[in-house]
Amino acid sequence: MGRGKILIKRIDNTTSRQVTFSKRRNGLLKKARELSILCDADVGLIIFSCTGRLYEYSSTSIKAITDRYIKMKEEHNPLLNANSEVKFWQKEAEILRQLLRNLQETHRQLMGEELSGLSVKDLQLLENQLEMSAHSIRKRKDQLYSEEIQELNRKAHLIHNENVELYKKVNRVHHENTELQKKIYAGNGSSAQVNNNTIVPYTFSISNDTLEPINLELSQPEGNPLPIKTKAPNLGRLGFLI
């Protein structure tokens with residue numbers, strides 16, 4: 001004799017309803033498990049009984065399946081996707097506003113304001129933070145001073161080298177003038193001796209210590225100088241004195 005059809009409607013008897021729920025629940029869970037194994041499908045099943053009790057089954061994890069479901073719904077429903085995007089940015093904006101309020105409060109505390117609500121431990125942490133900040137500032141300032149000093153030393157060394165080269169050029173011109181003066185006297189048949197000090201009314205001296213900056217100094221020659229104007233020579237135009 002065949003089995004008759006069961007009318008699908010709510011079972012009024014509580015005991016019968018609970019027994020039917022238990023049997024069909026186990027059958028549904030079994031079918032879901034068989035489907036995931038036989039067809040290699042991701043299956044997620046969530047059941048809440050009339051009393052609020054949760055029953056679930058998943059071939060991987062319920063969270064992964066539900067996240068995948070929500071993502072697929074958003075991709076296939078532009079309106080839902082737009083609403084989700086608006087909610088997302090609203091949440092991000094609220095997080096940023098809260099972060100801004102926290103930063104403003106921290107800034108006021110670092111400036112010594114609104115300290116009444118802080119405990120001794122909070123004040124100690126704030127003091128340590130200020131000391132660390134001051135140490136970083138002093139360290140950076142010392143580094144800048146050191147770099148500036150090194151740059152000044154480099155420039156001083158360049159100026160020193162330029163002074164040395166200038167002294168060599170002046171000395172070479174002086175020597176050439178002396179040789180030319182000797183040739184002129186020799187050509188005129190004069191037996192007068194050429195005095196080096198009478199050729200250039202000023203002499204240049206330079207320190208031999210290369211570690212110290214070089215300064216050109218002017219000094220009067222010894223003996224009887226020629227009757228000329230005591231004016232500093234122009235190094236840009238060197239003339240011959242005969």
Side-chain angles (χ1 to χ4, degrees), residues 10-11 14 17-18 20-154:
R10 183 178 183 275
I11 301 176
T14 303
R17 185 170 62 246
Q18 186 64 30
T20 303
F21 172 78
S22 178
K23 289 181 179 180
R24 299 210 172 210
R25 180 201 65 208
N26 294 334
L28 185 60
L29 293 174
K30 181 180 178 182
K31 291 295 182 182
R33 182 170 56 257
E34 292 175 353
L35 179 63
S36 64
I37 295 173
L38 294 175
C39 302
D40 193 21
D42 290 336
V43 179
L45 178 62
I46 300 175
I47 302 174
F48 289 97
S49 66
C50 60
T51 58
R53 189 173 180 180
L54 171 65
Y55 301 90
E56 64 180 26
Y57 168 79
S58 64
S59 56
T60 55
S61 68
I62 289 294
K63 185 178 185 305
I65 293 176
T66 53
D67 290 343
R68 183 178 177 184
Y69 169 78
I70 293 173
K71 183 178 180 180
M72 294 293 292
K73 291 288 291 183
E74 290 178 352
E75 291 177 355
H76 291 83
N77 191 344
L79 181 60
L80 180 61
N81 189 18
N83 293 333
S84 300
E85 186 175 0
V86 170
K87 292 180 180 179
F88 170 78
W89 288 115
Q90 288 177 347
K91 184 178 180 180
E92 289 293 319
E94 180 61 29
I95 293 174
L96 292 176
R97 282 194 292 268
Q98 182 63 35
L99 180 61
L100 178 61
R101 287 192 292 267
N102 295 337
L103 291 175
Q104 290 175 345
E105 182 180 1
T106 303
H107 179 264
R108 288 192 295 269
Q109 292 175 355
L110 290 174
M111 297 299 295
E113 303 174 358
E114 298 183 4
L115 302 177
S116 58
L118 299 179
S119 63
V120 176
K121 184 178 180 180
D122 295 334
L123 292 174
Q124 184 65 38
L125 293 175
L126 183 61
E127 183 180 3
N128 294 337
Q129 185 176 0
L130 289 173
E131 289 178 354
M132 292 176 61
S133 300
H135 175 71
S136 299
I137 293 172
R138 286 192 294 268
K139 184 178 180 180
R140 177 57 180 166
K141 183 180 67 175
D142 293 341
Q143 182 181 358
L144 292 177
Y145 281 158
S146 177
E147 292 176 355
E148 290 180 0
I149 291 173
Q150 292 178 0
E151 181 66 18
L152 291 175
N153 288 335
R154 186 185 66 83

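Everything quoted here is computed from the prediction, not taken from an experiment.
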What distance do [X] atom [atom1] and [Y] atom [atom2] have between them, rounded to the nearest 0.5 Å?
X: F21; Y: T51; atom1: CZ; atom2: OG1; answer: 7.5 Å
X: N153; Y: E148; atom1: CG; atom2: CD; answer: 12.0 Å
X: I70; Y: I65; atom1: CD1; atom2: CD1; answer: 12.5 Å
X: S58; Y: D42; atom1: OG; atom2: CG; answer: 9.5 Å
X: L45; Y: L29; atom1: CG; atom2: CG; answer: 5.5 Å
X: L110; Y: L103; atom1: CG; atom2: CG; answer: 10.5 Å

Q. Any sub-3.5 Å donor-acceptor pair from T106's side-chain atoms to N102's backbone N or O?
A.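 Between the backbone of N102 and the side chain of T106 there is a qualifying donor-acceptor contact (under 3.5 Å).
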Q. Does T66 reach the main-chain N or O of I62 with its side chain, forming a donor-acceptor pair under 3.5 Å?
A.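 Yes, T66 side chain to I62 backbone: donor-acceptor pair under 3.5 Å.
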**Q.** L126 vs L115, side-chain contact (heavy atoms from CB on, under 4.5 Å): CA-CA, chis, key distance, verdict
**A.** CA-CA 10 Å; L126 183 61; L115 302 177; 3.8 Å; yes
Q: Just grab all the ring pair (Phe, Tyr, Trp, His ring centres under 6.0 Å) pairs involving residues 97-145, residues at least two apart or on different chains.
A: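 Qualifying pairs: none.
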Once salt bridge (Lys or Arg N to Asp or Glu O under 4.0 Å) is applied, do any residues pair with [X], and if so which ones, sequence neighbours excluded?
X: R17; value: none
X: R101; value: E94
X: R140; value: none
X: D67; value: K63

Quick one, [X] and [Y] - any side-chain contact, counting heavy atoms below 4.5 Å?
X: R53; Y: F48; result: no
X: I47; Y: L54; result: no
X: S36; Y: Y57; result: yes

**Q.** By ring pair (Phe, Tyr, Trp, His ring centres under 6.0 Å) - contacts of Y69 (at least two apart)
**A.**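 Y69 satisfies ring pair (Phe, Tyr, Trp, His ring centres under 6.0 Å) with no other residue.
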Q: Inspect the contact between R154 and E151 and indicate whether a charged nitrogen and a carboxylate oxygen are less than 4.0 angstrom apart.
A: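 Yes, E151 and R154 are salt-bridged.
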Q) Does NZ or CZ of R25 fall inside the cone over Y55's six-membered ring, less than 6.0 Å from its centre and within 45° of the axis? A)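 Flagged: R25 positioned over aromatic ring of Y55.
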Q | Heavy atoms of other groups near D40 CG, more than 12 under 6.0 Å | A |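 Not more than 12 within 6.0 Å, no.
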